[in-house]
Peer 1: 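This is the structure I want to talk about, given as structure tokens.
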Amino acid sequence: MAAQATASDVAAVVARVESAGGAAFVSRGTSRTVVGLVGDIEQFGTLSLGALRGVAEVVRISVPYKLISRESHPDRSVVRVGGAAIGPGAPTLIAGPCAVETPEQTLRAALMARAAGATVLRGGAFKPRTSPYAFQGLGEAGLKILADVRAETGLPVVTEVVDAHDVELVASYADMLQIGTRNAQNFALLQAVGDVDKPVMLKRGMSGTIEEWLMAAEYVAQRGNLDIVLCERGIRTFETATRNTLDISAVPIVQRLSHLPVIVDPSHSGGRRDLVLPLTRAALAVGADGVIVDVHPDPATALCDGPQALVHEDLEELGAAMRGELPAGHRVLDGAACLP
Ligand code: PEP
Ligand code: MN
């Protein structure tokens with residue numbers, strides 16, 4: 001639809017499609033509304049949809065991910081989270097603790113994040129842990145801490161939701177909903193976040209292909225939510241020196257296939273503090289729309305992912321890299337320092 005199309009223009013398109021026995025999916029993004037039509041293509045051809053008021057363009061989409069494809073939306077999208085605009089333009093820094101542990105720890109991490117230029121705070125209240133004996137997160141108490149820290153710092157909050165039944169609860173506190181790698185093909189959860197009016201950050205499945213990742217995003221978009229940020233967080237390979245292998249080529253590939261913003265998580269991909277800055281610089285070099293990093297005021301005591309959490313000086317340096325203020329080749333670590 002054209003940028004100035006009204007709700008009744010959209011409704012008229014939907015009605016015309018449904019009158020021909022087709023289905024119409026309305027997806028509203030910040031910059032434009034897209035109506036996806038599914039049905040008999042021959043029949044749609046006779047509906048003269050292009051002549052309806054407010055219709056900008058009628059295009060046939062050949063790829064399986066229709067609504068999120070660049071074929072359907074040639075301009076790259078911007079997703080707004082609080083005051084942050086994620087998309088083409090300056091890269092966004094999202095930072096915060098892996099897990100919300102206490103109000104003090106979360107506030108200190110948030111202040112470190114804000115001082116380094118972060119415009120969105122991350123922090124997990126529901127943690128998808130490999131072991132049932134590991135810290136599972138504070139649940140709703142953690143969401144309350146995030147909301148308090150948002151009030152104190154002004155930073156909007158992204159936090160993970162792991163269960164479709166918790167989507168409304170998490171959405172009532174968060175500014176953006178995170179879908180983690182382990183839930184990247186949990187289709188009921190993807191549909192549930194597609195039903196709420198909050199942006200979604202969708203991580204790539206650790207063993208997911210780019211097409212599977214894009215199809216997961218299509219599940220969200222198909223329910224009417226086009227405010228999706230894709231996050232490359234590393235994939236499983238034979239390599240054991242890193243937690244995951246950052247698939248840096250996925251960034252420009254996905255930006256060509258989809259209009260959605262693509263960010264990188266250098267913390268969960270490398271799994272090592274010393275790799276976060278180099279991987280961030282790689283992400284910036286290939287044109288990522290932002291990075292999301294773990295920070296902790298005292299990583300040695302962290303209840304989750306301490307070894308990859310940045311401390312104050314690291315984060316300051318990373319913030320400088322984000323602003324393009326770090327000279328090339330700065331602080332290359334020697335061999336010994338690179339060992340895990
Ligand atoms: C996280 O960001 O806290 C997280 C659990 O990441 P991933 O889903 O990428 O492992
Ligand atoms: Mn983590």
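Along the sequence shown, residues are numbered consecutively beginning with 1. Each ligand, and each atom within it, is numbered from 1 in the order the structure gives. Everything quoted here is computed from the prediction, not taken from an experiment.
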Peer 1: Measure the distance from atom 8 (O) of ligand 1 to every protein heavy atom, then report the residue, atom name and distance (to 0.1 Å) of the closest one.
Peer 2: Thr181 N, 2.8 Å
Peer 1: With atoms numbered from 1 as shown, which atoms in ligand 1 lie under 4.0 angstrom from a non-hydrogen atom of Gly180?
Peer 2: 8 (O)
Peer 1: Establish, from distance only, whether the side-chain atoms of Asp247 and Thr245 form a donor-acceptor pair under 3.5 Å.
Peer 2: no
Peer 1: Would you say Val220 ends up clustered with Val161 if hydrophobic residues are merged whenever their side chains have heavy atoms under 4.5 Å apart, either directly or through other cluster members?
Peer 2: yes
Peer 1: Please report the shortest heavy-atom distance between Leu318 and Leu277, naming the atom on each side.
Peer 2: CA-CD1, 3.9 Å
Peer 1: Under 2.8 Å from the Mn ion (ligand 2), is there an N/O/S atom belonging to Cys98?
Peer 2: yes
Peer 1: Determine whether the side chains of Gln4 and Asp9 contain a donor N or O and an acceptor N or O closer than 3.5 Å.
Peer 2: no
Peer 1: At the Mn ion (ligand 2), what's the angle from Asp305 OD2 to His268 NE2, rounded to 10 degrees?
Peer 2: 100°
Peer 1: In this structure, does ligand 1 have an atom that sits under 4.0 Å from one of the heavy atoms of Met206?
Peer 2: no
Peer 1: Would you say the side chain of Val55 lies within less than 4.5 Å of the side chain of Met1, judging by non-hydrogen atoms?
Peer 2: yes
Peer 1: Assess the residue pair Asp175 and Lys198 against the criterion (salt bridge (charged side-chain N to carboxylate O under 4.0 Å, His left out)); give the C-alpha distance rounded to whole Å, side-chain angles, the decisive distance to 0.1 Å, and a yes or no.
Peer 2: CA-CA 6 Å; Asp175 300 286; Lys198 285 281 161 86; 5.5 Å; no
Peer 1: Could you list the atoms of ligand 1 found under 4.0 angstrom from a heavy atom of Glu160?
Peer 2: 5 (C)
Peer 1: Assess the side chains of Gln308 and Arg243: does a donor N or O sit below 3.5 Å from an acceptor N or O?
Peer 2: yes
Peer 1: Provide the number and element of each atom of ligand 1 under 4.0 Å from a heavy atom of Lys203.
Peer 2: 1 (C), 2 (O), 4 (C), 6 (O), 7 (P), 8 (O), 9 (O)
Peer 1: Between ligand 1 and Arg233, is the shortest N or O to N or O distance under 3.5 Å?
Peer 2: yes
Peer 1: What's the shortest distance from atom 4 (C) of ligand 1 to any protein heavy atom, and which residue and atom give it?
Peer 2: His268 NE2, 3.5 Å
